[in-house]
Amino acid sequence: MDKKATVIGAGNVGATAAQRLAEKELCDVVLIDIIEGVPQGKALDLTEAAPIEKHDAKVSGSNGYEASEGSDIVIITAGVPRKPGMSRDDLLSTNAGIMKNVVEQVAKYSPEAKLIIVSNPLDAMCHVALEVSGFPKNRVMGMAGVLDSARFRAFIAMELNVSVENTHAFVLGGHGDTMVPLPRFSTVAGIPITELISRERIDALVKRTANGGAEIVGLLKSGSAFYAPASAAVEMAESILKDKKKILPCAVLLEGEYGISDLFIGVPVKLGASGVEQVIEIELTEAEQATLNRSADAVRTLVEDMKKLTK
Ligand code: APR
């Protein structure tokens, strides 16, 4: 393939993202992890599936970053999950440390790459990635909104018993709890869902979406969602690799847009060959802007806590 992507972290999200990138023949894929043998083993397994899946993408695995050299895209999923007894602050400082080490290496070997951050807590990890890489803001983005809106779309399709392909969902703000869904811009075949679903049911779907990650954790017991997160990261990568210029909700650094500055917040952006090519700004109602501001406040607190912890 003439394009190359590296996926850092060969765990559930990383390995699934590698599989989807290869099976869609978007690019050659390098999987990197700190655990010896795991990225190599998963890459070999994916390579052996290629004749059956009918693709010619090369998939390789490594514990070192030399293999990632010259990547067009780097998807970062490395991190540790929250373990019992671990506080939110412990998780924040541990994953910030991992992100720093990873991004230093990534930036050294792929100075022109676009970074798609997946590791949680997402909004805080994006700040680390931007700062450590020194990359311009159009090349550092977080995956959250595509996942949140895919969950919302799945629930809208289930509610109305229609094709998921007819659904569109518009989501702003931070990831999960603090996301801001905009039902008046969420549609089925172009019809706003406010015309098709009662206020009460929309509220229930929104609640389920905001709680989407926790619902899966509750079912899996150990581990968190990975199929949909991997699909979401790959949709972003595809739009960049193919210069499709899709409008997707992504966490990007705002500098005044939506009245917010110096924070990574989920907003609709155009993704093309140079990364984030445009932030799409729409007029919000007072109530929507107030919810977005509350979401931004939560992200600001998270980033400030992280800065204190990693000083
Ligand atoms: N460098 C490279 N890989 C690392 C590092 C590091 N410094 N530290 C940890 N990893 C690897 C782990 O070895 C593991 O294989 O990151 C991988 C994480 O995989 P999982 O534990 O399976 O987690 P996953 O479900 O894939 O989620 C990854 O995405 O959605 C978010 O909240 C989720 O932050 C988490 C991330």
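Bear in mind that the values here come from a model prediction, so they are computed numbers and not experimental data.
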Any chance you could measure M179, atom CE, to I265, atom CD1, to the nearest 0.5 Å? 14.0 Å
Between C126 and G142, which heavy-atom pair has the shortest distance, and what is it? SG-CA, 3.5 Å
Looking at T291 and A287, would you say the former's side chain and the latter's main chain have a donor-acceptor pair under 3.5 Å? yes
With a 4.0 Å cut-off on N to O distance, would you call R300 and E304 a salt bridge? no
Extract all donor-acceptor atom pairs below 3.5 Å that involve side chains of residues 109-119 and protein atoms in other chains or at least two apart in sequence.
{"residue": "S110", "atom": "OG", "partner": "S68", "partner atom": "O", "Å": "3.0"}
{"residue": "S110", "atom": "OG", "partner": "G70", "partner atom": "N", "Å": "3.4"}
{"residue": "S110", "atom": "OG", "partner": "S71", "partner atom": "N", "Å": "3.0"}
{"residue": "K114", "atom": "NZ", "partner": "A273", "partner atom": "O", "Å": "3.0"}
{"residue": "S119", "atom": "OG", "partner": "I76", "partner atom": "O", "Å": "3.3"}
{"residue": "S119", "atom": "OG", "partner": "A78", "partner atom": "N", "Å": "3.4"}
{"residue": "S119", "atom": "OG", "partner": "A78", "partner atom": "O", "Å": "2.6"}

Min side-chain heavy-atom separation I32-T6 under 4.5 Å: yes
Suppose we screen for side-chain contact (heavy atoms from CB on, under 4.5 Å). Which residues come up paired with E200, at least two apart in sequence or across chains? S198
Salt bridge flag under 4.0 Å for residues D305 and K307: no
By the rule that ILVMFWY residues connect when side-chain heavy atoms come within less than 4.5 angstrom, directly or transitively, which residues belong alongside F155? F152, I156, M158, L160, V162, V188, I191, I193, L196, I197, I202, L205, V206
Would you compute the distance between atom NZ of K308 and atom CE of M306 and round it to the nearest 0.5 angstrom? 12.0 Å
So, does N63 use its side chain to make a donor-acceptor pair with the main chain of I35 at under 3.5 Å? yes
Flag side-chain contact, heavy atom, 4.5 Å: T209 against V171: no
For N95 and M125, which heavy atoms make the closest approach, and how far apart are they? O-SD, 3.5 Å
What distance do T47 atom OG1 and E53 atom CD have between them, rounded to the nearest 0.5 Å? 12.5 Å
Keeping E288 on the side-chain end and T285 on the backbone end, is there a donor-acceptor pair under 3.5 Å? yes
Should we say atom CD of E131 is surrounded by more than 12 heavy atoms from elsewhere, each under 6.0 Å from it? no
Sidechain N-carboxylate O distance under 4.0 Å for K207, D203: no
Mind checking the NE2-OG spacing from H175 to S295? Nearest 0.5 Å is all I need. 11.5 Å
With side-chain hydrogen bond (donor to acceptor under 3.5 Å, both in side chains) as the test, would you mind laying out the steps for Q105 and N101 before giving the verdict? CA-CA 7 Å; Q105 295 296 317; N101 291 339; over 6 Å; no
Considering residues at least two apart in sequence or located in another chain, which fulfil the salt bridge (Lys or Arg N to Asp or Glu O under 4.0 Å) criterion with E215? R208
Counting N and O atoms only, with roles assigned by atom type, does the side chain of R153 sit under 3.5 Å from a partner on the main chain of V164, one being a donor and the other an acceptor? yes
Closest heavy-atom contact between L241 and C27? CD1-SG, 3.9 Å
Describe, in one word, how the ring planes of F170 and F185 are oriented to each other, choosing from parallel (under 30°), tilted (30 to 60°) and perpendicular (over 60°). tilted
Once rounded to the nearest 0.5 Å, what's the spacing between atom SG of C250 and atom CD of E235? 9.0 Å
Look at the side chain of T16 and the backbone N and O of A230, then say whether any donor-acceptor pair between them is shorter than 3.5 Å. no
Donor-acceptor pair, distance only, cut-off 3.5 Å: does the side chain of Q289 make one with the backbone of Y258? yes
When you measure from the side chain of T194 to the backbone of R184, do you find a donor-acceptor pair of N or O atoms at a distance under 3.5 Å? no
Flag side-chain contact, heavy atom, 4.5 Å: I260 against V267: no
For K3, which of D72, I240, V29 qualifies under side chain to side chain contact (heavy atoms under 4.5 Å, CB included)? D72
I'd like to know if the side chain of N166 reaches the main chain of A189, judged simply by a donor and an acceptor atom lying under 3.5 Å from each other, with no hydrogens or angles considered. no
Answer yes or no: is there a side-chain heavy-atom contact under 4.5 Å between F264 and L122? no
Under a 4.5 Å side-chain heavy-atom rule over Ile, Leu, Val, Met, Phe, Trp and Tyr, are L309 and V80 clustered together? yes
Do the side chains of E23 and E25 get nearer than 4.5 Å, heavy atoms only? no
Salt bridge (charged side-chain N to carboxylate O under 4.0 Å, His left out) between K100 and E104, worked out: CA-CA 6 Å; K100 181 170 180 286; E104 276 168 1; 3.1 Å; yes
Look at the side chain of D56 and the backbone N and O of M1, then say whether any donor-acceptor pair between them is shorter than 3.5 Å. no
Could you go step by step and tell me if K245 and E277 meet the salt bridge (charged side-chain N to carboxylate O under 4.0 Å, His left out) rule? CA-CA 8 Å; K245 303 195 191 295; E277 298 188 345; 2.7 Å; yes
With a 4.5 Å heavy-atom cut-off, do V103 and S133 have their side chains touching? yes
Separation of L253 CG from S261 OG (nearest 0.5 Å): 8.5 Å
Restricting to pairs with a member in residues 118-130, which pass salt bridge (charged side-chain N to carboxylate O under 4.0 Å, His left out), not counting sequence neighbours? none
Salt bridge (Lys or Arg N to Asp or Glu O under 4.0 Å) partners for D45, two or more places apart: none
Full working for side chain to side chain contact (heavy atoms under 4.5 Å, CB included) between I75 and L21: CA-CA 11 Å; I75 299 177; L21 288 167; 4.2 Å; yes
Indicate yes or no: at least one non-hydrogen side-chain atom of L172 is less than 4.5 angstrom from one of P268. yes
Using modelled atom types and a 3.5 Å cut-off, is there a donor and acceptor pairing between side-chain atoms of K137 and backbone atoms of L130? no
